[in-house]
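Comments concern the structure below.
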Amino acid sequence: MKIGLIGLGIMGKPMAKNLLKAGYDLTVNDLNQDAVAEIAAAGAKTASNAEIGETCDLVLTMLPNSPHVKAVMLGEDGVAAHMKPGSVFIDMSSINPVASKEIAAELSKRGVEMLDAPVSGGEPKAIDGTLSFMVGGKQEVFDQFKSVLEAMGSSVVLCGDVGAGNTTKLANQIIVACNIQAVAEAFTLAQMAGVDPKLVFQAIKGGLAGSTVMNAKGPMMIAGNDKPGFKIDLHIKDLNNALDCAHTVGAPVPMTAQVQEILQWMHNHEGGQKDHSAIAQYYEHLTGIQIGR
Ligand code: NAD
């Protein structure tokens with residue numbers, strides 16, 4: 001099976017390396033020719049997007065957002081126009097599920113099946129090959145290509161029809177953002193009431209309030225460490241998609257709207273390149289305290 005991968009950024013590059021390690025015949029492309037050269041040196045072939053469409057049985061993308069995936073696949077001289085009937089497209093980017101469905105509908109006119117398969121785990125898990133894939137699409141297409149995703153991830157779950165992968169990712173991103181805000185708010189209260197947030201963290205992390213988010217982000221807030229991990233601007237992108245999707249389906253999302261305003265405030269005052277746990281700095285600006293310090 002010939003696989004093409006378009007998008008060799010923070011995530012796409014290590015994912016490409018894991019596909020090569022698993023022995024797949026891989027052809028890659030990106031606007032960034034340094035990234036293409038790095039993956040070619042690791043054993044991949046290189047080609048234009050159109051050539052990838054013409055020659056590959058499976059096309060993968062790992063691009064920033066819906067407009068990028070739409071442009072690469074359906075834009076002028078896009079990949080879709082070159083794909084053979086019977087070939088398959090799997091988009092691993094985190095995009096709006098409404099866009100996933102639109103792209104799948106266009107591809108089905110050409111006899112091309114699609115899965116949406118966004119991931120969680122970030123760069124460290126992309127490197128280790130232990131990402132979690134949330135997948136949408138037909139069961140038989142999922143069964144056929146699950147092993148390709150397993151070369152890059154340790155959990156691969158089919159969540160429903162096309163769009164269900166990205167809907168699940170939006171749910172994930174809502175829970176992470178609101179959890180970060182809750183931890184930041186609670187630590188601020190504790191410190192202003194005279195209790196050390198380090199001790200609060202130690203005392204509650206094993207109870208009901210404990211979470212993977214608090215374990216990962218609590219110590220960063222306490223140390224004042226805002227090195228990304230996952231950048232504020234990417235989380236703004238995901239919550240914009242969540243709000244857009246919610247407005248389309250009529251779901252109430254007041255918590256998402258509020259934490260999005262805080263992320264946007266951070267983007268305007270601190271830039272969008274800090275880790276999303278820097279939501280804590282919004283509370284520090286408001287109160288004049290420094291959490292844990
Ligand atoms: P990135 O910005 O590092 O990489 C995107 C790549 O796409 C870049 O190399 C860019 O040059 C390339 N690209 C853009 N347009 C292109 C085009 N027309 N043709 C070819 N290449 C093109 O982004 P990333 O961090 O790798 O994230 C990719 C996706 O994965 C995003 O949707 C993101 O939300 C999601 N994601 C990221 C993380 C993370 O921690 N970084 C975690 C989970 C999910």
Side-chain angles (χ1 to χ4, degrees), residues 4-18 27-40 44 46-53 56 59-80 82 89-97 99-100 103 116-135 149 152-155 165-166 168-177 180 212-213 216-217 220 227-242 263 272-277:
L5 170 58
I6 301 167
L8 302 171
I10 292 175
M11 299 295 285
K13 251 195 307 189
M15 291 164 85
K17 287 181 182 171
N18 283 326
T27 306
V28 294
N29 193 28
D30 193 290
L31 296 176
N32 174 357
Q33 288 306 308
D34 289 344
V36 173
E38 185 181 331
I39 301 305
T46 66
S48 67
N49 288 355
E51 286 161 351
I52 285 178
C56 291
V59 175
L60 304 171
T61 47
M62 195 52 172
L63 296 164
N65 198 6
S66 318
H68 307 85
V69 181
K70 278 192 168 174
V72 164
M73 292 306 295
L74 305 178
E76 203 183 323
D77 202 32
V79 178
H82 297 272
F89 171 54
I90 304 182
D91 178 32
M92 307 185 295
S93 329
S94 303
I95 72 169
N96 192 329
S100 301
I103 297 165
D116 61 315
V119 302
S120 78
E123 189 184 19
K125 287 183 180 247
I127 293 170
D128 293 351
T130 56
L131 291 166
S132 296
F133 281 90
M134 303 151 238
V135 188
L149 302 181
M152 301 174 276
S154 53
S155 163
N166 273 307
T168 306
K169 175 71 183 181
L170 295 183
N172 182 82
Q173 294 304 81
I174 289 172
I175 292 167
V176 169
I180 290 174
T212 309
V213 168
K217 304 299 179 180
M220 289 179 74
K227 187 172 171 288
F230 191 79
K231 289 177 188 164
I232 285 170
D233 278 351
L234 272 183
H235 217 137
I236 289 174
K237 180 262 296 183
D238 287 338
L239 295 190
N240 272 335
N241 285 337
L263 284 164
Q273 299 303 304
K274 293 183 171 183
D275 189 71
H276 51 174
S277 61

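Counting starts at 1 for both ligands and their atoms, in listed order.
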Donor-acceptor contact below 3.5 Å, side chain Lys237 vs main chain Pro64: yes

Donor-acceptor pair, side chain of Asn49 and main chain of Val79, under 3.5 angstrom: no

Residue-ligand contact Lys169/ligand 1, heavy atom below 4.0 Å: yes

Proximity to ligand 1 by part of Leu31, non-hydrogen separation under 4.0 Å: both

Ligand-residue contact atoms, ligand 1 with Leu234, heavy atoms, under 4.0 Å: 34 (O), 41 (N)

Qualifying residues under side chain to side chain contact (heavy atoms under 4.5 Å, CB included), relative to Leu31, sequence neighbours excluded: none

Residue and atom name of the nearest protein heavy atom (relative to atom 25 (O) of ligand 1), distance in Å to one decimal: Ile10 CB, 3.6 Å

Protein heavy atom at shortest distance from atom 11 (O) of ligand 1: Asp30 OD1, 2.6 Å

Protein heavy atom at shortest distance from atom 2 (O) of ligand 1: Pro64 CG, 4.3 Å

Protein contact of atom 18 (N) of ligand 1 - nearest heavy atom, named by residue and atom, plus distance: Val72 CG2, 3.3 Å

Under-4.0 Å heavy-atom contact with ligand 1, by part of Asn65 that carries it: neither

Per-atom contacts, ligand 1 versus Ile6 - under 4.0 Å to a heavy atom: 20 (C)

Polar side chain donor-acceptor pair, Asn172 to Asp238, under 3.5 angstrom: no

Closest approach of any protein heavy atom to atom 24 (P) of ligand 1, naming residue and atom: Met11 CG, 3.9 Å

Value rounded to 0.5 Å, distance of CD1 in Ile95 from NE2 in His68: 11.0 Å

Glu123/Lys13 ion pair, N-O < 4.0 Å: no

Polar side-chain atom of Ser155 near backbone of Ser132 as donor-acceptor pair, under 3.5 Å: no

Residues which pass salt bridge (charged side-chain N to carboxylate O under 4.0 Å, His left out) with Lys70, listed by chain and number, not counting sequence neighbours: Glu102

Per-residue contact class, Leu63 against ligand 1 - non-hydrogen pairs under 4.0 Å: both

Distance-only side-chain donor-acceptor flag, Asp91 / Thr61, under 3.5 Å: yes

Atom 4 (O) of ligand 1: the protein heavy-atom neighbour that sits closest, reported with distance to 0.1 Å: Gly9 CA, 3.2 Å

Identity and separation of the nearest protein heavy atom to atom 30 (O) of ligand 1: Met62 CE, 3.1 Å

Region of Met92 that comes within reach of ligand 1 [heavy atoms, distance under 4.0 Å]: neither

Atom 33 (C) of ligand 1 - nearest protein heavy atom and its distance: Lys237 NZ, 3.8 Å

